[in-house]
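Working notes, beginning with the structure itself.
Atoms considered below: every heavy atom in the structure, side chains included; atoms not considered: hydrogens, waters and symmetry mates.
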Amino acid sequence: MSDNTRQFRWIVYIKEGLEWLFADDPNVFVAGDLLWYPVEGDNKIRQAPDAMVAFGRPKGDRGSYRQWEEDNIPPQVVFEVLSPGNTISEMTRKFQFYHRHGVEEYYLYDPDEGTLDGFVREEGALVGIERMEGWVSPRLGTRFGITPQGDLQLWRPDGTPFESYVEIAARAAQEKQRAAQESLRAQSAEQRAEQESLRAQSAEQRAEQESLRAQSAEQRAERLAERLRQLGIDPDNGELSSQTPRKPC
């Protein structure tokens, strides 16, 4: 288990970032602080990496990683996060364990010193990586880095950085707020469109009413002109017509 809050925070950062990285692959198992037993019948040979990844093994809960029950596949990638309580002899034993039992990549981060070391298997042995800044894991596809403050940085193959839960939650809240603002803007635009449609309908109705009034006035003028003609009056100039007026009805 972690010795302090800083170590625990970095273990969670690595383990949860790896879970996120392989969330869509059902045949990649990721665990943190899980006892790994490589030899059947000998429970004294064991180690619990701070984070480990086993390719070719299904996801799911386990009480421990018993290699003989996992198609004899060892975790290919392991991480250790140092704490002040770790001793040189302890870390030497861990290195020897990972070397002996088939780990392909081993990464060691010291958050107090701000240092990062890595080892990759070559010709059957774990060999130190000369430069970790910018190193890309052959198995994970992740890129490694250290900030000037000594903080570990990991990036997914697509360049997306690993994030802490707080960062993910904050980004999710921002996305939710932006989505709400976009929804409000869309609603406002829809309301404006509806108002414009109503104004257009009102203008159309007024035009129709004006047209009807014009038609009605024209009809009244025609009736009046006909009435004047019946009375013998020329409606164009107001003079008496030369024709004999008809008797009004």
Do [X] side-chain atoms and [Y] backbone N/O form a donor-acceptor pair below 3.5 Å?
X	Y	value
R156	G159	no
Q76	F55	yes
K59	N27	no

Would a single hydrophobic cluster contain both [Y] and [X], if residues Ile, Leu, Val, Met, Phe, Trp and Tyr are joined by side-chain heavy-atom contacts under 4.5 Å?
X	Y	answer
V30	F79	yes
L154	I146	yes
Y109	M91	no
L35	I73	no
V81	V77	yes

For [X], does the [atom1] atom sit with more than 12 other heavy atoms under 6.0 Å from it, leaving out its own atoms?
X	atom1	result
I88	CD1	no
R66	CZ	no
D24	CG	no
E133	CD	yes
E113	CD	no

Quiz item: Which word best sums up how the rings of F95 and H99 line up, parallel for under 30°, tilted for 30 to 60°, or perpendicular for over 60°?
Solution: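 The rings of F95 and H99 lie parallel, inter-plane angle below 30°.
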Quiz item: Using the ring of each side chain (for Trp, its six-membered ring), is Y65 parallel, tilted or perpendicular to W36, with breaks at 30° and 60°?
Solution: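 Rings of Y65 and W36: perpendicular, over 60°.
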Return the minimal non-hydrogen interatomic distance between [X] and [Y], and the atom names on each side.
X	Y	value
Y13	L152	OH-O, 3.9 Å
P75	V103	O-CG2, 3.6 Å
L140	S137	N-OG, 2.9 Å
F162	W20	CA-CZ3, 4.3 Å
P38	I45	CD-O, 3.3 Å
L116	M132	O-CG, 3.6 Å

Quiz item: Is any NZ, NE, NH1 or NH2 atom of the basic residue among E175 and R178 found under 4.0 Å from an Asp or Glu carboxylate oxygen of the other?
Solution: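 A salt bridge is present here (some side-chain N lies under 4.0 Å from a carboxylate O).
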Quiz item: Do E105 and R139 meet the salt-bridge criterion of a basic N to acidic O distance under 4.0 Å?
Solution: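 No, R139 and E105 are not salt-bridged.
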Contact between [X] and [Y] at the side-chain level, heavy atoms closer than 4.5 Å - yes or no?
X	Y	result
H101	Q47	no
Q201	L198	yes
Q7	D112	no

From [atom1] ([X]) to [atom2] ([Y]), nearest 0.5 Å:
X	Y	atom1	atom2	result
L108	T115	CG	OG1	7.0 Å
I11	E16	CD1	CD	12.0 Å
E40	N72	CD	CG	9.5 Å
L231	R229	CG	CZ	11.5 Å

Practice problem: For side chain to side chain contact (heavy atoms under 4.5 Å, CB included), just list the numbers for R46 and F97, CA-CA rounded to whole Å, side-chain angles, deciding distance to a tenth of an Å, and then say yes or no. | Solution: CA-CA 8 Å; R46 63 187 183 181; F97 180 95; 5.5 Å; no
Exercise. Could you walk me through whether M52 and L18 pass side chain to side chain contact (heavy atoms under 4.5 Å, CB included), step by step?
Key: CA-CA 9 Å; M52 68 181 191; L18 294 170; over 6 Å; no
Quiz item: Checking salt bridge (charged side-chain N to carboxylate O under 4.0 Å, His left out) for the pair R192/E196: CA distance, chi angles, key distance, verdict?
Solution: CA-CA 6 Å; R192 286 195 299 272; E196 290 295 331; over 6 Å; no
Self-check item: Near-ring test Y98/F119, centroid separation under 6.0 angstrom
Solution: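 Between F119 and Y98, the centre distance exceeds or equals 6.0 Å.
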Exercise. Kindly determine whether W10 and R6 satisfy side chain to side chain contact (heavy atoms under 4.5 Å, CB included), including the steps that lead there.
Key: CA-CA 6 Å; W10 285 111; R6 170 181 270 186; 3.9 Å; yes
Self-check item: Pair L21-V53, side chain to side chain contact (heavy atoms under 4.5 Å, CB included): steps then yes or no
Solution: CA-CA 11 Å; L21 179 61; V53 183; over 6 Å; no
Practice problem: Apply the side-chain hydrogen bond (donor to acceptor under 3.5 Å, both in side chains) test between S216 and each candidate in R213, R220, Q219; give the one that qualifies. | Solution: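 In the set R213, R220, Q219, the residue that makes a side-chain hydrogen bond (donor to acceptor under 3.5 Å, both in side chains) with S216 is R220.
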